[in-house]
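Everything on this sheet refers to the single structure shown next.
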Amino acid sequence: MFSTRTIELKSKEEIAIMREAGAIVAAILVILSQAAQAGVATLELDKIARAQLAQRNAKPAFLGYHGFPAALCVSINSEVVHGIPSASRKLVNGDIVGLDFGCIYRGFYADSAVTVLVGAVSPLARKLVSVTQQSLSKGIEAMQVGARLGDISYSVQRHVESNGFSVVREFVGHGIGRSLHEDPAVPNFGKAGTGMRLSPGVILAIEPMVNAGGPEVETLSDGWTAVTKDRSLSAHFEHTVALTERGPEILTLGTD
Ligand code: MG
Ligand code: MG
């Protein structure tokens with residue numbers, strides 16, 4: 001489905017710019033995570049995101065992308081991804097909140113996501129969030145020079161399913177650079193030892209979306225918000241990761 005010939009390898013100079021873009025996204029996600037408290041409207045988080053971008057001379061990656069109306073995606077509980085910030089939607093104690101955020105800086109994109117816990121969440125929610133974050137780490141560890149793309153997919157899926165959860169099929173990770181979404185697609189499911197061979201200069205946004213119930217999702221009538229079909233909880237983590245001769249380097253690593 002995706003030809004390896006279309007994969008654009010980035011130079012050290014390009015990676016250096018993307019490292020700056022990634023640091024901006026990471027810093028703002030830390031601020032947003034701290035702001036995501038009970039009683040806060042999700043639109044307020046979007047306002048913070050826009051103000052922080054402006055301060056850092058960066059632009060929102062998602063605003064206007066295929067018509068998306070905000071700088072930030074906020075996806076709560078059974079919402080998987082692409083939730084639209086709203087003045088009337090307030091966070092409540094016990095929510096798990098996916099914050100998916102990207103920027104454009106000096107012509108390059110960075111993309112990252114976290115799922116934060118609001119107040120006291122259920123043991124199931126806590127485990128789901130933890131396993132999803134771990135599965136991202138497993139995927140990143142598999143992104144090595146000479147490994148295959150399928151090794152990443154397999155590592156994520158194995159960790160998720162061995163913990164009794166499921167991976168979403170409809171949405172996948174992606175290459176990233178001068179465009180938000182570049183080849184290759186990076187599914188969160190697949191076979192080890194298959195797919196393109198990874199070489200230095202490959203930059204991927206790896207982003208497991210993990211459901212507590214079944215893997216199926218559907219889109220709400222707003223045309224954007226993806227939710228689990230069975231309305232089980234869903235969590236999402238994402239990093240933009242560069243492959244260098246020394247191995248994977250997370251470009252969107254925060255300080256928290
Ligand atoms: Mg993202
Ligand atoms: Mg992404």
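Counting starts at 1 for both ligands and their atoms, following the listed order.
When each of Asn211, Thr228, Asn77 is paired with Ser234, the side chain to side chain donor-acceptor pair (under 3.5 Å) condition holds for Asn211 and for no other.
Between Arg231 and Glu218 there is a salt bridge, since at least one side-chain N of the basic residue sits less than 4.0 Å from a carboxylate O of the acidic one.
A chain of hydrophobic side-chain contacts below 4.5 Å, direct or via other Ile, Leu, Val, Met, Phe, Trp or Tyr residues, connects Val210 to Phe237. If you chain together hydrophobic residues whose side chains sit under 4.5 Å apart, Met143 and Val160 fall into the same group.
Taking each heavy atom of Phe68 and Cys73 in turn, the nearest pair found is CZ-SG, 3.6 Å.
At distances below 3.5 Å, not a single donor-acceptor pair connects side-chain atoms of Asp100 with backbone N or O atoms of His82.
For the Mg ion (ligand 2), protein N, O or S atoms closer than 2.8 Å were enumerated as Asp111 OD2, His174 NE2, Glu207 OE2, Glu238 OE2, with waters left out.
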